[in-house]
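For reference, the structure discussed in these notes is given below.
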4 protein chains.
Amino acid sequence: MKKDKKQALLDSALCLFVEQGFHGTSTASIAKKAGVATGTLFHHFASKEALLNYLFVTIKQEFANNITTALSISADIAGGVKKEAQLLWQLAIDWALLNPIKQRFFLQYSLSADISSETRHQAMNVILDFVVILIEKGQRQGILADFPIALMLENCHGQYFAAIRYFTEHPQWGNDATQRKASFELFWRSMEAQ
Amino acid sequence: MKKDKKQALLDSALCLFVEQGFHGTSTASIAKKAGVATGTLFHHFASKEALLNYLFVTIKQEFANNITTALSISADIAGGVKKEAQLLWQLAIDWALLNPIKQRFFLQYSLSADISSETRHQAMNVILDFVVILIEKGQRQGILADFPIALMLENCHGQYFAAIRYFTEHPQWGNDATQRKASFELFWRSMEAQ
Amino acid sequence: MKKDKKQALLDSALCLFVEQGFHGTSTASIAKKAGVATGTLFHHFASKEALLNYLFVTIKQEFANNITTALSISADIAGGVKKEAQLLWQLAIDWALLNPIKQRFFLQYSLSADISSETRHQAMNVILDFVVILIEKGQRQGILADFPIALMLENCHGQYFAAIRYFTEHPQWGNDATQRKASFELFWRSMEAQ
Amino acid sequence: MKKDKKQALLDSALCLFVEQGFHGTSTASIAKKAGVATGTLFHHFASKEALLNYLFVTIKQEFANNITTALSISADIAGGVKKEAQLLWQLAIDWALLNPIKQRFFLQYSLSADISSETRHQAMNVILDFVVILIEKGQRQGILADFPIALMLENCHGQYFAAIRYFTEHPQWGNDATQRKASFELFWRSMEAQ
DNA sequence: TATGAATGAGTATTCATTCAT
DNA sequence: GATGAATGAATACTCATTCAT
């Protein structure tokens, strides 16, 4: 019962921020939807901005945990870097398709000025940690092209967002094997060594 | 003298929207910076939103004109699709580096909820028209991979934004031939037929 | 052609003031509907208030002229005070039914704070001049009750407005002889000597 | 202490609306006079219009309660319809004289376009309920003329307003028995059966 | 912890009026 | 006389935040 109200606030905020935008959502409406008093929000979060940033980090962490857990389970078994990248890519797309609201939240807030750059960098590092590791591994093995790592990271990010934007706008193709394959190929080919 | 005040308002708005965000910028501050009265803004634009959308379309159009003009000049001379894509990519990167404020405007507002989806779609179609044409040409010639065109478009967009984000964060490499080449390679390889 | 624009402004203002109220009507919208520039309104009228007051006096005068003209024509022929009162009443109701917009203008603005009390008094005196004369005549002849003239005047006014409000809300009865008779009876009986 | 601020706002609004008109009164001035913050007004009323309408209904209700209470006390004792009408009339005039600001509020806003027609109809039905009952009773007993009830109601309203306008403009006669009698006679005779 | 009435600075927008052409 | 772009003071309403209970 203790975490209930805080979680209810986070749930409401997620929905409303996605539906109406950060500035289009009043703290009063978040509290109302969560079924708590307006003042309660400020017992759990120092400010509206703090709530948004907390929400952002929480969801990024949840995403990262989901991917790395699944990845580590398969890691022992699986072989090459490409297999690993493929798994990572499919897991990331799956997560987005299974969590449409959180995915829209990513799309809207990852580049938003409402998220503090501090939070953004923190989240980036958390989430892209395993990507960096994978890229470096691939480069050492001569499987991935030898472009600057920061450039490749930005590119991964940009391609991932492009893919989930595409699947969001064409939901019917989210489970189509050909489309899923195509999205991975675009991603993989860009980084593969030639 | 007639267009002066409207243009002054657009110039001020561009700066302030980029520096402080859309919601962080008051209409009064835009007018003040433009050296006009607060009412004048609303004489030229129906609302703050309308101003933002007008600005967005105007800049996208300017970008598109810049690229297509340069492209058409070289088009007669140049040869294959790859050369054309390379030219397009370098022109687009150049434009971003030469217009840092407008580039930051793109980065911040292209996916922002403050731009109406109508405007976004209009801008996308206007600006990406020549990209679509190029992709289709490359696919007919068997030079580009045969992935869905909408997916490839999103991917181009995502990679372009990734590239200009990278060059923005590492300005010293904007004129480094190796870096520029790398950014194009990431882009081109993702779409090239194998 | 000289009076055209002024009259067009008055016509537009009448419509708009009745439809949207004085404060709900902008001078710009009056000018637009009249097909003139916004500044033109202020060449003909010192202010928005001045336009309203001018309109009020003009219409009251038109009403008064209409009644007194018709009244004077019949006056020579007709007999008693009651006949005269009856004629006056029917003329006044007819005018209202034939000029529904001007009648609504009366209803809305006769007691409105937007009309200067000066204008209101002036208009009252103009319009009720012949009523005062009639009442005094009736009292001298012992046909009308001997109540204070100012009270009787207010009462006439109130009953006239009640009648036209009634016929406005029940338009189908405006030409029903029984209803018209009833409205006059209510009026006449209140003032008749007993 | 809970109703204090809301009531203070209503009191201020009543005064200011009567003194300066609805459009001449800013919400800030209402709040200031009430000794509360500007936001407090909007905590209790959805809008300035909502405040006006609430005020209107409240005062009409207060008026109706005042009349009907006094009427019901005497109802058991008193006799005919005329006595009852006379009592009603005098109570209504008394109320207006004892509540000059609320009476001016009636005069200014009962027909004003600033009151929603919904509110006006509600108020009319609430307040004139007992009048309708009295008229119908009088008609059944053959004491009142058999004119349409809606016409008679409008007429009552118009005559009441005329009377209070008269007594407002000539305050010295408000307690003069002759004048009071005259005002009732004008009212009664108009409706009495002949 | 939780409440929700109260706050008051902040803001987009309106609009009567002016004036250079 | 006529125009209409420009003005800038005025105002309803919002909303993150506080605090007494």
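Side-chain atoms are counted along with the backbone in the values below, which use heavy atoms only and exclude waters and symmetry mates. The chains referred to below are lettered A, B, ... by the order of the sequence lines, with proteins before strands, and numbering in each begins at 1.
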Is B:Lys48 positioned over the aromatic face of B:Phe17, cation under 6.0 angstrom from the ring centre and no more than 45 degrees off axis?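 Pair B:Lys48/B:Phe17 does not count as cation-pi.
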Stacked cation flag D:Lys60 on D:Phe106, 6.0 angstrom / 45 deg: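 Here D:Lys60 passes the 6.0 Å and 45° test against D:Phe106.
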With a 4.0 Å limit, can you tell me whether [X] has a side-chain N or O closer than that to the phosphate oxygens OP1/OP2 of [N]?
X	N	answer
A:His44	E:dT1	no
A:Lys6	E:dT1	no
D:His43	E:dA5	yes
A:Lys32	E:dG4	no

Side chain of C:Val36 - closest among E:dT7, E:dA12, F:dT3: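 When the side chain of C:Val36 is considered, F:dT3 is the closest of E:dT7, E:dA12, F:dT3.
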From the list F:dA6, E:dA6, E:dT3, which nucleotide is the closest neighbour of the side chain of A:Thr40?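 Of F:dA6, E:dA6, E:dT3, E:dT3 is nearest to the side chain of A:Thr40.
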Donor-acceptor contact present, side-chain A:Thr25 to main-chain A:Gly21, <3.5 Å: yes
Can any side-chain N or O of A:Thr119 pair as donor or acceptor with the backbone N or O of A:Ile115 at less than 3.5 Å? no
Using atom [atom1] of [X] as one end and atom [atom2] of [N] as the other, report the distance to the nearest whole Å.
X	N	atom1	atom2	result
D:Glu49	F:dA12	CD	P	9 Å
C:Phe45	E:dT17	CZ	P	13 Å
C:Lys48	E:dC15	NZ	C1'	8 Å

Answer yes or no: side-chain N or O of B:Thr38 and base N or O of F:dA9 forming a donor-acceptor pair under 3.5 Å.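 When only heavy-atom distances are counted, B:Thr38 does reach the base of F:dA9 through a donor-acceptor pair under 3.5 Å.
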Nearest-nucleotide wise, let me know which of B:Ala37 and A:Ala46 is further upstream toward the 5' end of DNA chain F. B:Ala37
Which residue lies more 5' along DNA chain F, comparing D:Ser26 with A:Ser26 via nearest heavy atoms: D:Ser26
What does B:Ser29 touch in the nucleic acid at a heavy-atom separation under 4.0 angstrom: a base, only the sugar-phosphate, or nothing?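 Result for B:Ser29 = nothing.
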Give one of base, sugar-phosphate or nothing for B:Thr27, where a contact means two heavy atoms less than 4.0 Å apart.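 Base contact - B:Thr27 has a heavy atom under 4.0 Å of at least one base atom.
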